[in-house]
Amino acid sequence: MMPDDMSRPLIRERGDGGARHLEASVSDPSTPVIGILGTGDFSRSLARRLVASGYQVVVGSRTPKRFVALFPEDVEVTTQLEAANQADLVFVAVYPEHHSTLVELKPALVGKVLVDVSNSLCINQNGPSNAELLADYFPESSVVKGFNTISAWTLQMGPRDGGRQVFLCGNSQKAKNTVKSVCHRMGFIPVDMGLLSSSLEIENMPLHLFPSWRFPVFCTSFLFVFFYLYNFLRDVLQPFVTEGKKVFYKMPIEIVNVTLPSVALVMLALVYLPGLLAAFAQLRSGTKYNRFPGWLDRWLTTRKQLGLCSFMCAVLHTVYSLCLPLRKSARFKLIAAAYKQVKSGVEDPWVDEEVWRMELYLSVGIMALGLLSLLAVTSLPSVANTINWREFSFIQSTLGYCALFMATAHTLLYGWNRAFDLKQYRFNMPPTFVLVLVLPFAVLLGRLALCVPCVAGRLRKIRRGWERSRHVCFTLPAEDCRNGLENVSNV
Amino acid sequence: MMPDDMSRPLIRERGDGGARHLEASVSDPSTPVIGILGTGDFSRSLARRLVASGYQVVVGSRTPKRFVALFPEDVEVTTQLEAANQADLVFVAVYPEHHSTLVELKPALVGKVLVDVSNSLCINQNGPSNAELLADYFPESSVVKGFNTISAWTLQMGPRDGGRQVFLCGNSQKAKNTVKSVCHRMGFIPVDMGLLSSSLEIENMPLHLFPSWRFPVFCTSFLFVFFYLYNFLRDVLQPFVTEGKKVFYKMPIEIVNVTLPSVALVMLALVYLPGLLAAFAQLRSGTKYNRFPGWLDRWLTTRKQLGLCSFMCAVLHTVYSLCLPLRKSARFKLIAAAYKQVKSGVEDPWVDEEVWRMELYLSVGIMALGLLSLLAVTSLPSVANTINWREFSFIQSTLGYCALFMATAHTLLYGWNRAFDLKQYRFNMPPTFVLVLVLPFAVLLGRLALCVPCVAGRLRKIRRGWERSRHVCFTLPAEDCRNGLENVSNV
Amino acid sequence: MMPDDMSRPLIRERGDGGARHLEASVSDPSTPVIGILGTGDFSRSLARRLVASGYQVVVGSRTPKRFVALFPEDVEVTTQLEAANQADLVFVAVYPEHHSTLVELKPALVGKVLVDVSNSLCINQNGPSNAELLADYFPESSVVKGFNTISAWTLQMGPRDGGRQVFLCGNSQKAKNTVKSVCHRMGFIPVDMGLLSSSLEIENMPLHLFPSWRFPVFCTSFLFVFFYLYNFLRDVLQPFVTEGKKVFYKMPIEIVNVTLPSVALVMLALVYLPGLLAAFAQLRSGTKYNRFPGWLDRWLTTRKQLGLCSFMCAVLHTVYSLCLPLRKSARFKLIAAAYKQVKSGVEDPWVDEEVWRMELYLSVGIMALGLLSLLAVTSLPSVANTINWREFSFIQSTLGYCALFMATAHTLLYGWNRAFDLKQYRFNMPPTFVLVLVLPFAVLLGRLALCVPCVAGRLRKIRRGWERSRHVCFTLPAEDCRNGLENVSNV
């Protein structure tokens with residue numbers, strides 16, 4: 001499953017190489033001649049794309065002959081010096097450790113724009129970045145960092161799917177503007193990240209591996225392991241130890257299926273808890289201008305991921321549950337039950353309470369799942385892009401709390417009165433759902449507390465910029481509006 | 001679940017504030033110095049983003065000292081007048097009701113671009129807009145409306161997910177172009193909405209709450225309530241009244257589960273009905289140049305939402321159905337059946353007709369669901385962006401009608417011969433599926449009618465621009481092509 | 001389900017037509033006056049959009065009077081000649097076959113930019129393209145091809161959903177730049193496709209119908225038919241022929257449900273096979289600079305589609321399986337079994353092995369599905385856009401292979417020991433899962449082979465640009481990095 005298809009190649013070599021040169025250089029002298037130093041796959045894809053965007057391209061190599069064949073025919077492959085001389089703008093696509101070998105080109109590159117597309121092999125926290133080092137080698141050229149976040153693949157495909165972003169930085173705005181116009185002409189969206197000092201960040205970008213998912217995934221795994229063991233002890237080990245009942249067959253499905261919803265519900269509570277904490281923090285400090293502690297900030301920013309983890313568990317829980325009646329074990333139990341029934345001669349096994357309990361918690365559960373799916377869909381980037389902030393927060397906050405409420409109700413109905421049934425306290429361990437419900441309850445109560453008129457009013461005032469200390473207010477309604485929503489959606 | 005993550009802050013304060021000023025002002029005089037009036041969250045995020053995009057930023061506040069700490073260090077926080085004097089382009093980020101207090105800056109702002117980023121707190125239908133009022137205060141500055149659709153959040157995050165749009169309007173094209181270049185440099189996509197008279201529309205944008213979903217959601221709810229009551233009367237009340245059978249346990253799941261598919265099918269028919277009406281309207285009037293009545297136009301434009309509602313009901317119906325065998329009630333019934341079986345001493349309860357009926361309607365139902373999912377996926381913005389109009393209409397129209405046909409077949413097979421079974425007419429109410437099938441049948445027949453050669457041919461001609469009145473045709477094939485498809489997809 | 005909603009019209013006619021003209025022409029003379037030849041829906045939508053973007057628009061028609069009413073009031077509808085004279089840039093929106101009729105405008109169009117928006121009605125492989133023909137008619141104007149990929153609908157809606165792309169090409173860079181700025185101002189993203197010789201490709205774009213899906217869909221259908229027949233013979237025909245057992249009721253669901261997973265698994269193997277072949281090819285040739293054979297290249301580029309087909313089958317398989325216990329047939333069988341149970345007087349039918357087998361293969365199956373869903377989600381364009389190459393390949397390759405492994409395990413556990421049970425070889429045909437497992441096993445073993453240290457090391461070297469022939473290496477780490485990943489993700 002690759003990001004895009006190459007079935008319709010973007011570039012078709014034609015015999016018009018000459019013509020194109022002519023065109024690019026003559027019909028529009030303003031078009032810069034673009035040089036590329038290096039002949040790796042990246043420089044090849046880059047060359048193809050530049051040619052396709054109507055540029056004249058000169059590639060500089062130490063051994064031009066070896067590589068001519070690998071480039072489209074209307075690309076000129078020559079010596080590095082030759083390329084450096086001809087080009088107005090030069091992409092440096094060689095090993096950073098070889099940057100030093102380029103110093104001989106220094107005179108040829110004076111006053112020109114150098115684009116450093118290099119990446120490191122591993123995240124570099126302290127710097128200096130490759131780009132900064134390059135800038136030290138060529139003080140008289142203006143170095144721009146960029147394109148390292150774009151893969152050779154994307155370059156070759158072109159940004160078919162609605163515009164990829166190219167993150168740029170550099171100390172000369174003029175140089176950046178030149179590079180940006182090249183981006184635009186290639187169909188990318190340049191994003192200016194400021195001065196060259198940001199290059200380290202840009203170089204690290206493609207090396208990150210879901211940084212924002214670490215904490216949520218860790219949470220999920222931890223909760224899963226915890227609840228799995230807990231359920232294993234209660235439902236498998238206890239019967240085995242006390243009555244010697246062998247129900248180990250429950251481990252792959254049944255135990256997992258009581259564990260997943262627990263994780264899902266706790267995770268969902270964790271989505272809305274930080275917003276509550278933030279609100280209470282603001283109420284205590286009486287202003288919105290105090291920074292939140294770092295951990296809270298980080299927590300607030302991973303709510304999306306926490307929510308999606310919770311959703312994933314909920315979906316898996318659904319699938320597992322639906323699989324239950326498929327199993328041979330279910331079949332055997334049913335037949336055995338039928339057998340007992342007949343032997344005992346009781347005609348109808350119907351127990352109204354059990355029936356109602358199950359009908360209710362199933363339907364509530366389905367509704368909770370439905371709401372969660374809406375939340376999941378609207379957190380798709382393209383969908384989130386098409387809805388405004390008010391709509392987004394309506395879904396994420398209002399519907400989100402409904403989902404949390406539903407899920408809690410689902411668990412309560414599932415638990416029914418078993419919380420008060422001593423037989424359930426095997427090994428003196430309370431039934432799982434009792435543990436699970438603690439956090440959701442806390443969150444729902446906290447949310448209720450914020451609805452108490454006086455509290456709500458004060459919070460609104462604070463978020464409109466009011467401060468306990470002074471009573472003038474400078475923020476603009478637009479802002480409040482957004483804030484209001486943002487914070488509602490936090491709470 | 002938030003739109004994006006802040007784990008990697010876009011901006012890192014560094015000691016190079018001075019350097020940056022130098023850079024922005026010296027190395028590239030063309031870069032406008034940007035002023036911001038107001039110190040709310042929005043202006044703070046804006047300032048950070050502008051600095052990150054390499055601009056020199058001056059913030060004007062009534063009490064600069066209070067706010068210096070809240071801005072990145074390389075932002076200059078000073079008096080409003082000072083800021084107004086220094087800046088070439090000024091973002092007005094203060095309460096609209098405070099706009100009047102800015103008049104003292106009038107001389108300083110003459111000939112400069114004012115960007116009004118304000119929103120109203122509630123939708124304003126009649127105008128004048130904040131921006132128009134601002135323009136009245138500053139007749140000698142050129143006011144541009146914009147950025148109010150962007151939240152402080154997005155500003156701070158930057159448009160990570162492939163370009164956010166900034167809707168702009170203003171009376172001076174030159175001013176708009178300046179603002180646009182600022183947009184581009186911040187990584188946003190400016191969309192020119194024309195003259196300042198559009199500002200009201202732009203100001204209302206962030207206040208809308210799913211306007212295009214109102215009608216579809218209303219339809220869905222109405223149909224749901226109607227069919228729920230209908231089924232309740234037939235399946236729960238009637239047995240209770242006539243035979244005193246208590247089957248109220250059916251309310252949470254079984255009744256819902258016969259209601260949902262009814263809603264889904266009717267809604268799906270409502271997706272394709274307006275296209276049919278449009279086609280017949282064109283056939284009657286003999287031209288495509290007559291406007292459709294407003295209600296039809298509106299209906300045509302909510303087909304996507306209608307379709308997604310239908311899909312949602314279909315999915316819920318699936319989940320509910322799959323839950324049926326999970327229920328205790330099902331289990332009890334099964335055991336009771338087994339019991340009867342044994343007592344009656346009949347070895348095999350097999351009834352071939354019932355088996356076939358169920359196998360068939362289940363499989364047809366699954367296919368219908370599969371097709372609907374394809375339709376749902378292709379209506380995701382990012383997917384819709386990657387397919388061309390022909391592919392889109394193939395999915396939405398051709399596959400869509402297949403889905404409608406399948407769903408109808410599913411219902412027919414479910415109904416089997418019970419439509420002709422008088423026992424089914426409880427309280428003289430026909431079985432639900434009979435009511436449900438009316439509309440889909442009408443639509444499918446209508447579509448068939450349009451396939452009759454002479455009709456189809458005439459329609460094609462009309463859509464190629466032919467008119468009964470005259471016989472020349474000015475539209476271009478490209479257009480027809482699209483039209484053709486568009487209308488196919490409408491029909 | 002349409003791509004967007006029109007509930008909030010982008011354009012509202014107002015009495016300021018005059019004002020706008022004034023504005024467009026006076027306040028900013030740089031704004032080109034834009035002419036449109038032709039009065040079809042496309043030119044109408046184009047006119048509206050251009051006006052909304054603050055342009056002055058002149059439409060040229062043969063019978064202006066007829067069409068004035070159809071255009072927004074601030075559009076000037078006049079004769080073609082008049083329009084050609086006034087405009088600086090002219091959209092040609094008439095039938096290509098009518099292009100010849102425009103020659104009379106030749107003098108008026110000298111030195112101006114003509115944008116050809118026309119499409120063909122069917123794919124044109126050999127050229128010349130409409131644009132090239134137009135260029136022959138107007139040698140002294142510079143023709144740019146473009147906007148034909150945009151539908152009237154999108155034009156009218158504006159690119160609400162985050163930027164649509166407009167593919168452009170033309171021989172004059174200057175002309176293209178003018179058109180591009182128009183694109184940008186309308187909110188579209190221009191993509192420069194090079195010289196006018198690319199116009200044929202651009203004209204064919206909107207006529208393609210899922211070219212990249214042909215092969216995958218064909219594969220899926222072929223495998224489906226094959227496995228369906230195979231299963232039909234073994235599970236339906238054989239019992240009928242040999243024992244006269246009538247189990248035709250199995251055809252709609254049970255047979256389909258054993259066929260789907262077979263297709264899914266084989267397709268999934270086909271996703272990862274080409275990457276393996278590529279790796280082995282590179283190992284044999286000892287360089288990465290040899291081109292792969294065409295069929296392998298094409299195969300490599302349809303992996304995404306193959307994967308999604310496989311996913312679709314897997315999901316359908318899940319739904320079908322979950323439907324099994326719903327069926328009357330299942331119910332009848334269960335009751336019959338209970339009956340037998342009672343008659344035979346055996347109290348507990350429990351068979352531990354069967355129970356374990358089923359619990360295991362169900363749970364493994366669910367995990368496989370979960371992993372596949374992750375892969376499917378990340379192949380949504382908007383999601384793929386937000387993750388970097390390393391993350392993408394982690395999902396697609398690492399998780400992908402886990403999914404393949406899981407799915408294989410699922411099938412193995414399902415098969416259990418029946419592969420060695422002769423009774424299973426009906427008509428001497430081995431059980432389906434035996435056939436199915438061949439390919440996945442091959443792929444998994446091949447992948448293992450590539451993990452053998454020496455092989456892995458050599459492959460890494462080759463992909464870092466090393467060649468058996470020479471030992472210097474020019475590619476840059478960034479590139480390797482990407483390659484490394486790209487190829488891991490291929491393998």
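Here is the naming used below: chain letters follow the sequence lines, and residue numbers restart at 1 for every chain.
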Any side-chain heavy-atom pair of [X] and [Y] under 4.5 Å:
X	Y	result
C:V342	B:Q341	no
B:I387	C:F210	yes
C:R331	B:L334	yes
C:M205	B:N388	no

Within this structure, what is the [atom1]-[atom2] distance for the pair [X] and [Y], rounded to the nearest 0.5 Å?
X	Y	atom1	atom2	value
B:L374	C:M312	CG	CE	6.5 Å
C:F332	B:W350	CZ	CH2	7.5 Å
C:K328	B:E359	NZ	CD	11.0 Å
C:M251	B:S363	CE	OG	10.5 Å
C:L209	B:S393	CG	OG	8.5 Å
B:E354	C:Y249	CD	OH	14.5 Å

- Item | Side chain, backbone, both or neither of B:L168 within contact of chain C (heavy atoms, under 4.5 Å) |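 When you check distances to chain C, no heavy atom of B:L168 falls under 4.5 Å.
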- Message: Whether the side chain of C:Y339 engages the backbone of B:G345 through a donor-acceptor N/O pair (distance < 3.5 Å, no angle test) should be reported.
- Response: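 Pair found, side chain donor or acceptor close to backbone of B:G345.
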- Message: Could you check whether any side-chain N or O of B:R390 sits under 3.5 Å from a backbone N or O of C:L207, counting only pairs where one atom can act as donor and the other as acceptor?
- Response: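 Confirmed, B:R390 side chain pairs with C:L207 backbone.
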- Query: Is it the backbone or the side chain of C:L322 that comes under 4.5 Å from a heavy atom of chain B, or both, or neither?
  - Reply: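 C:L322 touches chain B through backbone and side-chain heavy atoms alike.
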